[in-house]
S.K.: 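Got a structure for you, written out below as structure tokens; questions coming shortly.
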Amino acid sequence: MVKLPAFPSLITYFRAIQPISEKAAEALNSIAFEIQTPKNKHVQEIGQTCRTYYFVSSGLARIYYLKDGIDITEYFAFEHDMIIRAESLFTGKPSKKGIQAIEDTELIGIPASKLEILFDSYPEIERLFRKMMEMSYVSYVNRIESLQFHSADERYRQLLSGFPSLLERIPLKHIASYLGITQVSLSRIRSGIR
């Protein structure tokens, strides 16, 4: 009898990216764990070393950093998104960025050290995570290019088209810092769109 996955939505998400066998799914489930993080609490504080791959099961989280005492949002993670501090995870050094829940958030964590062991036994899991890292890299490059080549108004419209429920779920101060503008500028852009 086949054991049902403990995290079926995560396995379904994984299989949409890369086919994995039932044995590989069971192996992933055996090392995965749930984390419940209340609104505004940290999954990872600034200065901690990231040792876990996180996937948002429900809720919403962000990656942020402080620059001259100002809180700047770098990334939003919605349902099924992966959220990690890659530079910390891959180097083993403490991160200058934190991961914070914006809403009450449930995450699924997969310890990097245990995942590395699975890579040797299940090449499809290694391919899966390589593809996810490639997707994350492309998304990151697109974000950098958006900041370089698009106006704040264009960046705001792109963000809204990709995430229409954004304004209902994320404080405007986080959206403004993500777009690289002030809250006043964001208010002007929003009033011009209405």
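Along the sequence shown, the residues carry numbers beginning at 1.
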S.K.: Tell me if a side-chain donor or acceptor on Ser177 pairs with a main-chain N or O of His174 at a distance below 3.5 Å.
M.R.: yes

S.K.: Given side chain to side chain contact (heavy atoms under 4.5 Å, CB included), test Leu172 with Arg190 step by step and report yes or no.
M.R.: CA-CA 11 Å; Leu172 291 180; Arg190 290 180 65 215; 3.1 Å; yes

S.K.: Could you tell me whether the side chain of Ser136 and the main chain of Met132 form a donor-acceptor pair under 3.5 Å?
M.R.: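 Side chain of Ser136 to backbone of Met132: a pair is present.
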
S.K.: Just jot down the ring-ring contact (aromatic ring centres under 6.0 Å, His included) partners of His150, sequence neighbours excluded, or say none.
M.R.: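 Expected list: none.
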
S.K.: Is a donor from one side chain sitting under 3.5 angstrom from an acceptor on the other, for Ser58 and Glu79?
M.R.: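 No pair is found: no donor N or O on one side chain lies under 3.5 Å from an acceptor on the other.
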
S.K.: If the threshold is 4.0 Å, N to carboxylate O, is there a salt bridge linking Glu22 and Arg15?
M.R.: yes

S.K.: For Arg143 and Tyr178, what are the C-alpha separation, side-chain angles and deciding distance, and is it a side chain to side chain contact (heavy atoms under 4.5 Å, CB included)?
M.R.: CA-CA 10 Å; Arg143 172 157 162 65; Tyr178 177 81; 3.5 Å; yes

S.K.: Side-chain contact test, heavy atoms from C-beta onward, threshold under 4.5 Å: evaluate it for Ile102 versus Pro171 and give yes or no.
M.R.: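 Of all side-chain heavy-atom pairs linking Pro171 with Ile102, at least one is under 4.5 Å.
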
S.K.: Which side chain to side chain donor-acceptor pair (under 3.5 Å) pairs, counting each pair once, include a residue from residues 93-102, with sequence neighbours left out?
M.R.: Arg62-Gln100, Glu74-Lys97, Glu87-Ser95

S.K.: Determine, for Arg130 against Glu134, whether the closest basic-nitrogen to carboxylate-oxygen distance falls under 4.0 angstrom.
M.R.: yes

S.K.: Nearest 0.5 Å, what's the SG-CZ distance between Cys50 and Phe90?
M.R.: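 Rounded to the nearest 0.5 Å, the SG-CZ separation comes out at 9.0 Å.
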
S.K.: Of all the heavy-atom pairs spanning Ile110 and Phe33, show the shortest one and how long it is.
M.R.: N-CE2, 4.2 Å

S.K.: Testing the basics here: between Leu89 and Ala112, what is the closest heavy-atom pair and its distance to 0.1 Å?
M.R.: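 Distance-wise, the nearest heavy atoms are CD1-CB, 3.6 Å.
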
S.K.: Given the rule that I, L, V, M, F, W and Y join up when any side-chain heavy atoms are under 4.5 Å apart, are Ile63 and Ile72 in one cluster?
M.R.: no

S.K.: Are Ile46 and Ile84 joined in one hydrophobic group, where the rule is that I, L, V, M, F, W and Y side chains link up if heavy atoms are under 4.5 Å apart?
M.R.: no

S.K.: Indicate, with yes or no, if Ile35 and Ile99 share a hydrophobic cluster defined by side-chain heavy-atom contacts under 4.5 Å among Ile, Leu, Val, Met, Phe, Trp and Tyr.
M.R.: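 Linked within one cluster.
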
S.K.: Could you see if Leu107 belongs to whatever hydrophobic cluster contains Leu115? Use Ile, Leu, Val, Met, Phe, Trp, Tyr and a side-chain cutoff under 4.5 Å.
M.R.: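 Leu107 does not cluster with Leu115.
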
S.K.: Are more than 12 heavy atoms, taken from residues, nucleotides or ligands other than Tyr140, located less than 6.0 Å from that residue's OH atom?
M.R.: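 No, the 6.0 Å shell around OH holds no more than 12 heavy atoms from other groups.
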
S.K.: Would a distance-only check, ignoring hydrogens and angles, find a side-chain to backbone donor-acceptor pair under 3.5 Å from Glu116 to Ser113?
M.R.: no

S.K.: Please report the shortest heavy-atom distance between Arg155 and Ile181, naming the atom on each side.
M.R.: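 Looks like NH2-CG2, 3.9 Å.
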
S.K.: For His42 and Tyr64, take the angle between the two ring planes, folded into 0 to 90°, and tell me which bin it lands in: parallel under 30, tilted 30 to 60, perpendicular over 60.
M.R.: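 Ring orientation, 0 to 90° scale: tilted.
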
S.K.: What's the separation between atom OG1 in Thr73 and atom CG in Leu179, rounded to the nearest 0.5 Å?
M.R.: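 Nearest 0.5 Å value for the OG1-CG distance: 10.0 Å.
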
S.K.: Can you give me the closest heavy-atom contact between Ser88 and Pro94, atom names plus distance?
M.R.: OG-C, 4.1 Å

S.K.: Please check: side-chain N/O of Ser139 versus main-chain N/O of Met135, any donor-acceptor pairing under 3.5 Å?
M.R.: no

S.K.: Assess, by modelled atom type and distance only, whether the side chains of Gln18 and Lys131 contain a donor and an acceptor separated by less than 3.5 Å.
M.R.: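 Gln18 vs Lys131: donor-acceptor pair found between side chains.
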
S.K.: Looking at Asp104 and Lys39, what are the two nearest heavy atoms and their distance?
M.R.: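 Closest approach of Asp104 to Lys39: OD1-N, 2.8 Å.
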
S.K.: Measure the spacing between CG of Leu128 and CG of Leu118 and express it to the nearest 0.5 Å.
M.R.: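 Reported to 0.5 Å precision, the distance equals 11.0 Å.
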
S.K.: Identify whether Ile175 and Leu160 are in the same connected component of the hydrophobic contact network (ILVMFWY, side-chain heavy atoms under 4.5 Å).
M.R.: yes

S.K.: Quick check for you: to the nearest 0.5 Å, what is the distance between Arg51 atom CZ and Arg85 atom CZ?
M.R.: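 One gets 15.0 Å once the value is rounded to the nearest 0.5 Å.
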
S.K.: For Ala32 and Ile108, work out which heavy atoms get closest and say how close.
M.R.: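 Nearest pair, atom of Ala32 first, then Ile108: CB-CG2, 3.9 Å.
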
S.K.: Taking Leu66's backbone N and O only, do any of them form a donor-acceptor pair with Asp71's side chain (distance below 3.5 Å, no angle check)?
M.R.: no

S.K.: Is the closest side-chain donor-acceptor distance between Ser185 and Thr182 under 3.5 Å?
M.R.: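 Indeed, the side chains of Ser185 and Thr182 share at least one donor-acceptor pair under 3.5 Å.
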
S.K.: Please identify each residue that fulfils ring-ring contact (aromatic ring centres under 6.0 Å, His included) with Tyr54, with sequence neighbours left out.
M.R.: none

S.K.: Taking it one step at a time, do Phe55 and His80 satisfy side chain to side chain contact (heavy atoms under 4.5 Å, CB included)?
M.R.: CA-CA 6 Å; Phe55 296 88; His80 303 296; over 6 Å; no

S.K.: Please report the interatomic distance CG(Asp153) to CG(Leu186), rounded to the nearest 0.5 Å.
M.R.: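 Going from CG on Asp153 over to CG on Leu186, the span is 10.5 Å.
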
S.K.: Going by atom types only, do Gln158 and Ser146 share a side-chain donor-acceptor pair under 3.5 Å?
M.R.: yes

S.K.: Find the distance between CG (Leu28) and CD1 (Ile20) and round it off to the nearest 0.5 Å.
M.R.: 5.0 Å

S.K.: Identify whether NZ of Lys or CZ of Arg in Arg169 sits under 6.0 Å from the centre of the six-membered ring of Phe76 and within 45° of that ring's axis.
M.R.: no

S.K.: According to the interplanar angle, ranging from 0 to 90°, do the rings of Phe129 and Phe119 count as parallel (below 30°), tilted (30 to 60°) or perpendicular (above 60°)?
M.R.: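 Because their plane-to-plane angle lies in the 30° to 60° range, the rings of Phe129 and Phe119 count as tilted.
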
